[in-house]
2 protein chains.
Amino acid sequence: MNEFCYRYPHPAVTTDVVLFTIREDKLQLLLIRRRNPPFQGQWALPGGFLDLDEDLAACALRELKEETGIGNVYLEQLYTFGKPGRDPRERVISVTYYGLAPSESITLKPDTDATEAAWFAFGELPELAFDHRQIVDKAHERLAAKLEYSTIAFQFLPKQFTLSELQDVYETIRSEPMDKRNFRKWILGRNLIEETGGERRNGSHRPAKLFRNKHPGRVEIIR
Amino acid sequence: MNEFCYRYPHPAVTTDVVLFTIREDKLQLLLIRRRNPPFQGQWALPGGFLDLDEDLAACALRELKEETGIGNVYLEQLYTFGKPGRDPRERVISVTYYGLAPSESITLKPDTDATEAAWFAFGELPELAFDHRQIVDKAHERLAAKLEYSTIAFQFLPKQFTLSELQDVYETIRSEPMDKRNFRKWILGRNLIEETGGERRNGSHRPAKLFRNKHPGRVEIIR
DNA sequence: CCAAAAGTGTTGTTTATACACCCATGT
DNA sequence: ACATGGGTGTATAAACAACACTTTTGG
């Protein structure tokens, strides 16, 4: 007990993750229900304490995996929150990440750290533990900004996707409709995607051509 | 000695600051010479350990003040660096900030923590301690990006400035010349600045009109 | 009168916006 | 045949880029 001693006081360091996806044409994010105090029973971002031999991003990925079963997602460092008093137990610095996952690739497997993990529509979030509401707002702000000048939108989609699906991503996050012809002209003019040759038959209507990201895995700055 | 004990290991948390200014038509940044090991005698970013009751930004400002005598500058959180091994003593998480200061307002008063503080041209930096070179590069990248879509450039200038001075800021950071007429059309069309009515007589040539930022203190997103 | 930086418009090109109909498919 | 989402072009407006000479001052 209390065996880790230092000559000067040290804060605790955690990572927390805001993981977005798009389901049912809504922007949703992943929360876990806390099984321990403080804020026991309340919804919170997945996250936890940094291991001393572990990189920050690795910690974020590990906690996400442990608490929700989700791996293989795109994560990017968001901001570091550290106001004194944000955790009632001790001084905690939280290095936060945000991430995007295609809704297909995600299966929830809640584990020991959390009693429950679930997706919530961004517009219908419950009250969150700690200052997590502030973190969520910052993540949303960053996501919306980055949509406009990077290829981050592709991270919401599987390897192959239709132009309508891509447009849906933009419309959902911007929460306003876009003109179909202008959108297609714009995205095709960027030289970011190419036809796969395949098509998707999706119901009683004309099949849609499938596209792929020319530089998958990498989020690039455009404009 | 070793009186601060925890049940789990805690990393140390520091803040480091990349402070830019423009002098002699060059982008310069502020370094201190380390007076203690590790990296004793090498140049490094101003910064130091977080006090447990102190906000992160306050820590950055305090260390900057203590080590260089500079206060009252615009600081913005940059990124958090925490790779294991980046400090040979113990695990250290560094929450970094970058800042901009008008060259007029800065007087260096090196203090006890550092033997020396000095400005270096960005293109002629000495070898830096820790991973500070990486931090500097990230700060420069962010500064250059932010110049294009925010009003951050004003932070390099005093309250009143001429359009040529403002253009010099843009040209210095982008390191390429801009067309004078297009620049003036562009910046005046943003509705960000206004004439003060005064003018600056600066040598044997026509005096320049002085302008001021309409919303001083606030860095806004434009475009 | 000379040197030096301040100031000022027009034109062509590129990029963004507004807008409506036909196409291929499954039932 | 019809309902459904997929696919396509043109015209106008706005933003950007290229470009050179006159003005005011101090010495």
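We name chains A, B, ... by the order of the sequence lines, and we start the count at 1 in each one. Only heavy atoms go into these numbers, but all of them, side chains included; no hydrogens, no water, no symmetry mates.
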side-chain hydrogen bond (donor to acceptor under 3.5 Å, both in side chains) between A/Tyr97 and A/Glu76, intermediate numbers included = CA-CA 5 Å; A/Tyr97 286 77; A/Glu76 194 172 306; over 6 Å; no
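- Atom pair A/Arg200:CZ and D/dG7:C1' shows a separation of 16 Å (rounding to whole Å applied).
- If you measure from atom CG of B/Asn182 to atom P of C/dT11, you get 15 Å, rounded to the nearest angstrom.
- Among the heavy atoms of the strands, none lies under 4.0 Å from B/Thr162.
- Among the protein residues, A/Arg184 comes within range of the nucleic acid bases, having at least one heavy atom under 4.0 Å from a base atom.
- For the pair A/Asp179 CG and D/dT10 C1', the interatomic distance rounds to 13 Å; values are reported in whole Å.
- In this structure, B/Glu63 does not pair ionically with B/Lys65, as no charged nitrogen and carboxylate oxygen lie closer than 4.0 Å.
- A salt bridge links A/Glu195 and A/Lys209; the closest N-O separation between the charged side-chain nitrogens and carboxylate oxygens is under 4.0 Å.
- Taking every side-chain heavy atom of B/Trp186 into account, D/dC16 is the closest of D/dT4, D/dC16, D/dG6.
- Taking every side-chain heavy atom of B/Arg206 into account, C/dA6 is the closest of D/dG6, C/dA6, C/dG26.
- Atom CZ in B/Arg181 sits about 15 Å away from atom P in C/dG12, given to the nearest Å.
- A salt bridge is absent between B/Lys83 and A/Asp55: the closest approach of a Lys/Arg side-chain nitrogen to an acidic carboxylate oxygen does not fall below 4.0 angstrom.
- Interface remark: the A/Lys185 side chain does form a donor-acceptor pair with the C/dT17 base, using a distance-only criterion of under 3.5 Å.
- Salt bridge status for A/Arg174 with A/Glu176: present, with a side-chain N to carboxylate O gap under 4.0 Å.
- If you find the closest nucleotide of DNA chain D to A/Ser204 and to A/Leu188, the one lying nearer the 5' end belongs to A/Ser204.
- Distance from the side chain of A/Arg190 is smallest to C/dA16 among D/dT23, C/dA16, D/dT25.
- If you take CG of B/Leu163 and C1' of C/dT8, they are 12 Å apart, rounded to a whole angstrom.
- Side-chain atoms of A/Lys180 and base atoms of D/dG7 include a donor and an acceptor less than 3.5 Å apart.
- Contact between the side-chain N/O atoms of B/Lys209 and the OP1/OP2 oxygens of D/dT24 is not found at any separation under 4.0 Å.
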